[in-house]
Peer 1: 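Handing you a structure now.
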Amino acid sequence: LRPGRPAAVHPVPAPAPGPTADATPALQAAVDALATLPAGGTVRLAAGEYPLRTNLLLKRGVRLAGAGRAATTVLGEGGVITLAAQDGHH
């Protein structure tokens, strides 16, 4: 995050469980919105499971934060999670 400026927080609730659940669109929209702000911000994941069906592109100045290791789980296809960072930054 960029120092000296307060960062925004964008909360994202866990999607309804089910075989077609996909948190990717909501998470990507939150990342994209925060990336437009001068100070960036944090996508705050509530407790629950967040299945990703496609890649999530993280952008400069944006962080993901969950409700805790035991409370928030990000699930990728086949158990693999792939997060891509813009401009090669993680």
Side-chain angles (χ1 to χ4, degrees):
L1 298 177
R2 296 174 188 117
R5 295 185 182 144
V9 174
H10 192 299
V12 176
T20 61
D22 186 4
T24 314
L27 292 177
Q28 192 65 63
V31 167
D32 293 347
L34 290 171
T36 66
L37 301 176
T42 300
V43 177
R44 178 79 56 195
L45 306 179
E49 291 188 351
Y50 293 80
L52 302 181
R53 303 291 178 216
T54 59
N55 289 337
L56 179 65
L57 176 63
L58 299 180
K59 298 186 177 183
R60 185 180 302 266
V62 179
R63 297 175 54 180
L64 296 178
R69 185 180 303 264
T72 302
T73 305
V74 178
L75 306 167
E77 288 290 323
V80 176
I81 300 171
T82 302
L83 299 176
Q86 183 181 38
D87 298 330
H89 293 86
H90 302 287

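Everything numeric here is computed off the predicted structure, so don't read it as measured data.
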Peer 1: Side chains of Leu64 and Val74: does their closest heavy-atom pair fall under 4.5 Å?
Peer 2: no
Peer 1: Looking only at heavy atoms, which two atoms of Thr24 and Leu52 are closest? And how far apart?
Peer 2: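 Minimum heavy-atom contact is OG1-CA, 3.3 Å.
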Peer 1: Nearest 0.5 angstrom please: His10 NE2 to Leu45 CG, how far?
Peer 2: 11.5 Å
Peer 1: Taking all atoms of both residues into account, what is the closest heavy-atom pair of Asp32 and Thr36, and its distance?
Peer 2: O-CG2, 3.3 Å
Peer 1: At what distance, to the nearest 0.5 angstrom, does CG of Leu34 lie from NZ of Lys59?
Peer 2: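 Interatomic distance, Leu34 CG to Lys59 NZ, rounded to 0.5 Å: 11.0 Å.
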Peer 1: When you compare the side chain of Leu57 with that of Val31, does any pair of heavy atoms fall below 4.5 Å?
Peer 2: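 Not touching, per the 4.5 Å side-chain cut-off.
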Peer 1: Which atoms form the tightest heavy-atom contact between Ala47 and Ala14, and what is the distance?
Peer 2: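 Scanning both residues completely, I find the closest heavy atoms to be O-CB, 3.9 Å.
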Peer 1: Please check: side-chain N/O of Thr72 versus main-chain N/O of Ala46, any donor-acceptor pairing under 3.5 Å?
Peer 2: yes
Peer 1: Does the side chain of Val62 come within less than 4.5 Å of Val43's, by heavy atoms?
Peer 2: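 Yes, side chains in contact.
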Peer 1: Please check if the side chain of Tyr50 supplies one atom and the backbone of Val12 the other of a donor-acceptor pair under 3.5 Å.
Peer 2: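 Such a contact is found between Tyr50 side chain and Val12 backbone.
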Peer 1: Of all the heavy-atom pairs spanning Ala8 and Leu37, show the shortest one and how long it is.
Peer 2: CB-CD1, 3.5 Å
Peer 1: For the side chain of Arg44 and the backbone of Ala67, is there at least one donor-acceptor N/O pair under 3.5 Å apart?
Peer 2: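 No, because the side chain of Arg44 does not come within donor-acceptor range (under 3.5 Å) of the backbone of Ala67.
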